[in-house]
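Reading through the structure tokens given below for one structure.
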2 protein chains.
Amino acid sequence: MVVKGTTSRQARRPGAEPGLRERKRSATQQRIAEAAARLATDQGIAETTVDEIATAAGIGRATFFRYFDSKELAIATGLSDAGAYVLAGVLADVPARLGPLDAVRAAYARLGEDFEAYRPMFLEQAQLSRSSPAMLAWTLYLYVDWEVAIAEAVASRFTDLRPGDPRPRMLGAHTMTAARLACDEWVADAGRGDLPALIQQYLAASPTSTPTSPTSPQGES
Amino acid sequence: MVVKGTTSRQARRPGAEPGLRERKRSATQQRIAEAAARLATDQGIAETTVDEIATAAGIGRATFFRYFDSKELAIATGLSDAGAYVLAGVLADVPARLGPLDAVRAAYARLGEDFEAYRPMFLEQAQLSRSSPAMLAWTLYLYVDWEVAIAEAVASRFTDLRPGDPRPRMLGAHTMTAARLACDEWVADAGRGDLPALIQQYLAASPTSTPTSPTSPQGES
DNA sequence: CAAGAATGTGAGACTCAGTATCATTCGAGT
DNA sequence: ACTCGAATGATACTGAGTCTCACATTCTTG
């Protein structure tokens with residue numbers, strides 16, 4: 001759902017490699033998202049028009065809307081391409097013996113290792129995502145895609161998984177929620193705090209960690 | 001954040017009852033949301049203009065945007081006022097001995113009792129919330145308010161709650177996620193299934209129900 | 001390689017969402 | 001009653017998002 005659907009009535013057989021048309025399409029998609037994110041980061045969202053983004057991406061205005069439903073969505077996509085989507089990829093490299101939740105925590109820990117290098121860029125993007133109601137709304141919309149990606153990435157770690165099992169999707173949502181709330185708190189603190197640690201704290205705060213049980217703070221970075 | 005903030009520099013002392021001005025304001029807010037939801041339900045979202053909503057609510061066009069940031073937000077608010085916000089209210093009436101998660105499950109069970117009466121209306125609203133990317137984005141945006149409301153409603157059920165404890169917010173998000181995903185599945189099934197039961201299933205699928213541990217099905221409907 | 005079908009593209013026109021301004025009206029407190 | 005701050009509505013304006021159509025590009029089939 002990240003790429004706006006093509007009108008392809010001309011179905012491609014599943015096994016074949018993507019043709020020139022599809023490669024061009026995803027390349028254009030990426031150029032637009034990158035241009036949108038860069039312009040919005042530089043000049044602000046309101047000051048960036050779709051015309052500018054389209055020109056910067058080397059396409060026409062009408063074409064822009066064939067790729068993204070809204071300006072905010074293009075920006076949010078460009079911001080996040082460098083961000084949370086990689087989590088699904090990292091998840092694949094985490095030891096298979098780890099359970100779903102532990103795998104997520106390990107993946108975040110891995111990502112947190114070179115967090116400091118990206119801190120300023122990350123803060124800028126996190127602030128931009130929250131800078132207006134419309135921007136936040138479309139960011140939340142994108143999170144759904146990430147939830148699905150994470151759900152697919154962890155699904156194999158569930159044993160006795162029945163079709164339609166709610167657990168992978170719920171874990172995907174839980175993961176994104178932890179990231180979102182941790183980011184909220186981090187941004188509210190002007191990006192001074194330790195975001196990876198915050199994420200781990202939120203991840204640990206599962207709904208079944210009943211108050212009577214100690215809910216050990218889990219202070220690992 | 002449901003009501004768009006007033007510019008009130010003339011602070012009202014916290015104890016006093018709301019004056020005519022504030023009562024009028026929330027009444028107008030509600031009239032707009034209701035008119036927006038009704039028109040959108042009747043004619044569709046794209047076919048409903050802000051002008052129509054404003055006229056139906058008996059206000060001017062410019063005033064509309066002093067109450068809502070976007071058309072979709074007004075519609076989503078109108079749709080949800082009849083829906084999930086009541087959950088926070090029901091939560092207060094649930095026996096105090098229940099823990100946070102059990103309280104949520106009990107509250108949903110209570111709401112599910114007269115679900116059948118509202119099934120058609122509920123389905124219509126759920127479909128409308130998912131009818132377009134923009135509508136879904138703004139619906140997700142509203143869910144954040146509900147998360148906060150639920151978090152506040154369950155906070156007292158956590159023992160040893162430190163300020164800034166992530167658990168209430170995470171539970172609020174968990175609750176809304178369960179409702180959202182259950183609704184997705186329910187809508188995909190054209191509203192034929194048992195929504196309350198679905199919600200309970202999703203609620204039970206907590207991230208710590210590790211696959212190695214039996215993950216007791218918790219089959220109470 | 002040729003030709004036709006399917007699809008992607010850009011230009012321009014159009015509707016309407018969302019913002020800003022300003023004169024007017026309304027509510028709260030004296 | 002009087003005054004100040006806030007809410008309102010009319011108006012005008014920018015720009016998002018949609019639509020259509022002519023044209024270009026890619027895919028397919030022979």
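Chain identifiers are assigned alphabetically (A, B, ...) following the order of the sequence lines, protein sequences preceding nucleic acid strands; residue numbering begins at 1 within each chain.
- B:Glu152 is linked by a side chain to side chain contact (heavy atoms under 4.5 Å, CB included) to B:Val148, counting only residues two or more places apart in sequence or in another chain.
- Computed from coordinates, the B:Ile53 CD1 to D:dG9 C1' distance equals 17 Å when rounded to whole Å.
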> What string of B, S and - do you get for nucleotides 13-18 of chain D, 5' to 3', if B is base contact, S is sugar-phosphate-only contact and - is no contact with any protein heavy atom under 4.0 Å?
Replying inline: ---BBB

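- For D:dT25, neither phosphate oxygen OP1 nor OP2 lies less than 4.0 angstrom from any side-chain nitrogen or oxygen of A:Lys24.
- For A:Arg119, the salt bridge (charged side-chain N to carboxylate O under 4.0 Å, His left out) partners are A:Glu116, not counting sequence neighbours.
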Exercise answer: donor-acceptor pairs, residues 169-176 of chain B side-chain atoms, under 3.5 Å, sequence neighbours excluded:
unit_1, atom_1, unit_2, atom_2, d
B:Thr175, OG1, B:Leu171, O, 2.7

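- For B:Arg23 against C:dG27, a side-chain-to-base donor-acceptor contact under 3.5 Å is absent.
- Applying the ring pair (Phe, Tyr, Trp, His ring centres under 6.0 Å) rule to B:Phe64 yields no partners; only residues at least two apart in sequence or on another chain are considered.
- Not counting sequence neighbours, the partners of B:Ser131 by the side chain to side chain contact (heavy atoms under 4.5 Å, CB included) test are B:Ile45, B:Leu128, B:Met135.
- For B:Arg130, the salt bridge (charged side-chain N to carboxylate O under 4.0 Å, His left out) criterion is met by B:Asp184, not counting sequence neighbours.
- Rounded to whole angstrom, the span from the CD atom of A:Glu22 across to the P atom of C:dG8 amounts to 9 Å.
- Where the helix from C:dC1-D:dG30 to C:dT30-D:dA1 starts and where it ends, the local axes point in directions that differ by 40°; five pairs per end, rounded to 10°.
- For the OP1/OP2 pair of D:dA7 and a distance below 4.0 Å, the side-chain nitrogens and oxygens of B:Tyr67 include no atom meeting the criterion.
- Smallest separation of non-hydrogen atoms from B:Ala190 and B:Leu123: O-CD2, 3.6 Å.
- Between the CD atom of B:Glu47 and the C1' atom of C:dT15 there is a distance of 13 Å, given to the nearest Å.
- Residues meeting the side-chain hydrogen bond (donor to acceptor under 3.5 Å, both in side chains) test with A:Asp93, sequence neighbours left out: none.
- In this structure, the CZ atom of B:Arg66 is 12 Å from the P atom of C:dA20, given to the nearest Å.
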